[in-house]
Amino acid sequence: MKKRKTILDIAGMKNSGEKISVLTAYDYPFAQLMDQAGIDVILVGDSVGSVFSGYENTLPVTLEEMIYHTRPVIRATEQALIVTDMPFMSYQVDLSDARRNAGRLIKEASAQAVKLEGGENLAETIAAITAIDIPVMAHIGLTPQSIHRMGGFKVQGRQDAQAEQIMADARAVEDAGAFAVVLEGIPARLAAQVSQELSIPTIGIGAGVDCDGQVLVIHDILGLCDKYSPKFVKRFADVRQTISEGISSYINEVKTGVFPGEEHSFK
Ligand code: KIV
């Protein structure tokens, strides 16, 4: 039995200069494959709404769905740190709601930490959750739950005022007790400055190479989705084609009576 990583191991990786690898997973088989390959952190992201449930964005995802998707990820893994996203409206209403919902992800789903989107504006919430010993990963820059404020998925921090706000957000989440922060969709130079200034690890997505770690959505790196793929995604495999060919072959063999063969039948 391998020892599961903790937030202390992740902090130690920043200190030793080892890059932190993070991928999203929402089910048993993908989580098991990632864990066996040695991924450091698995994020049960609310991107599940887009790539699994087929919603237009992450806003409809519920806490119950996050609990449901975290459980198989926990069962499938032995060594990765498991972080689960707090979905939209599970932490914004008030602090007791935020604490209770973060607690449900730990108690009912067995996540080791939660992630929430927001900087200075959510510092009090991060402090309230960390005060009851639930580790929080923050998420700043392009925050998908703020899609309506941002007017779409747009790079954040290109103008000076926005860049200053992102730096202030980064300092605020560290001061509030976050153990790591996701930097999404910001210029690489700004992400490098944030990573240099903070003592907690930064995990980049569309934020350049100088972050302390990188995160991507598993469906994006495997080419599983037919949706638009952003510039920051690198496709490491194209399994959509392989799956599609397998399904077509099955249909064809059923229609033509080739499958099942004698070797698949009982005497
Ligand atoms: O929901 C998600 O998958 C995320 C990552 C892409 C950072 O928040």
Side-chain angles (χ1 to χ4, degrees), residues 10 19-27 30-31 34 39-63 65-70 73 80-92 101-102 105 109 111 113-119 122 126 135-147 150 153-157 166 169-170 173 178-186 191 194-195 200-208 211-222 224-225 227-236:
I10 303 308
K19 294 275 189 184
I20 302 159
S21 59
V22 187
L23 276 171
T24 65
Y26 325 99
D27 63 29
F30 276 123
M34 284 171 206
I39 196 83
D40 296 312
V41 180
I42 294 180
L43 171 68
V44 186
D46 61 356
S47 50
V48 69
S50 313
V51 300
F52 177 90
S53 305
Y55 299 140
E56 200 179 323
N57 53 49
T58 58
L59 299 182
V61 176
T62 65
L63 193 73
E65 286 171 315
M66 297 312 299
I67 292 171
Y68 175 81
H69 285 283
T70 302
V73 170
L81 176 80
I82 311 298
V83 181
T84 296
D85 255 335
M86 296 194 70
F88 181 58
M89 292 312 282
S90 70
Y91 56 97
Q92 290 92 342
N101 289 331
L105 292 173
V114 300
K115 177 167 83 58
L116 58 83
E117 297 181 10
L122 264 297
I126 294 171
V136 175
M137 179 182 275
H139 183 159
I140 62 174
L142 192 172
T143 44
Q145 291 177 16
S146 317
I147 182 172
M150 296 182 304
F153 295 106
K154 296 191 162 78
V155 174
Q156 304 292 300
I166 287 170
D169 287 337
V173 300
F179 77 92
V181 56
V182 170
L183 307 178
E184 178 164 355
I186 65 173
V194 172
S195 304
I200 57 171
T202 59
I203 311 294
I205 171 164
C211 298
D212 301 305
Q214 296 291 329
V215 58
L216 282 175
V217 169
I218 185 66
H219 290 59
D220 288 340
I221 72 161
L222 297 182
L224 258 171
C225 279
K227 289 184 184 164
Y228 157 81
S229 179
K231 173 185 162 83
F232 58 74
V233 169
K234 179 169 175 180
R235 200 164 269 192
F236 287 82

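Just so you know, ligand 1 is whichever comes first in the structure, and atom 1 is the first atom listed for that ligand.
For Y26, the ring pair (Phe, Tyr, Trp, His ring centres under 6.0 Å) partners at least two apart in sequence or on another chain are H219. Listed by chain and residue number, nothing satisfies the side-chain hydrogen bond (donor to acceptor under 3.5 Å, both in side chains) test with Y68 (two or more places apart in sequence, or in another chain). Qualifying ring pair (Phe, Tyr, Trp, His ring centres under 6.0 Å) partners for F52, counting only residues two or more places apart in sequence or in other chains: H69.
With K19 contributing its side chain and C211 its backbone, the two residues share a donor-acceptor pair below 3.5 Å.
Residue M86 comes nearest to A102 through the heavy atom pair CE-N, 3.4 Å, listed as atom of the first residue, atom of the second, then distance.
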Atom pairs, nitrogen or oxygen, ligand 1 to protein, under 3.5 angstrom:
| from | atom 1 | to | atom 2 | distance (Å) |
| --- | --- | --- | --- | --- |
| ligand 1 | 1 (O) | D46 | N | 3.2 |
| ligand 1 | 1 (O) | D46 | OD1 | 2.9 |
| ligand 1 | 1 (O) | S47 | N | 3.0 |
| ligand 1 | 1 (O) | S47 | OG | 3.3 |
| ligand 1 | 1 (O) | D85 | OD2 | 3.0 |
| ligand 1 | 3 (O) | S47 | OG | 2.5 |
| ligand 1 | 8 (O) | K115 | NZ | 2.9 |

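Considering only heavy atoms from C-beta on, V194 comes within 4.5 Å of L183 through its side chain.
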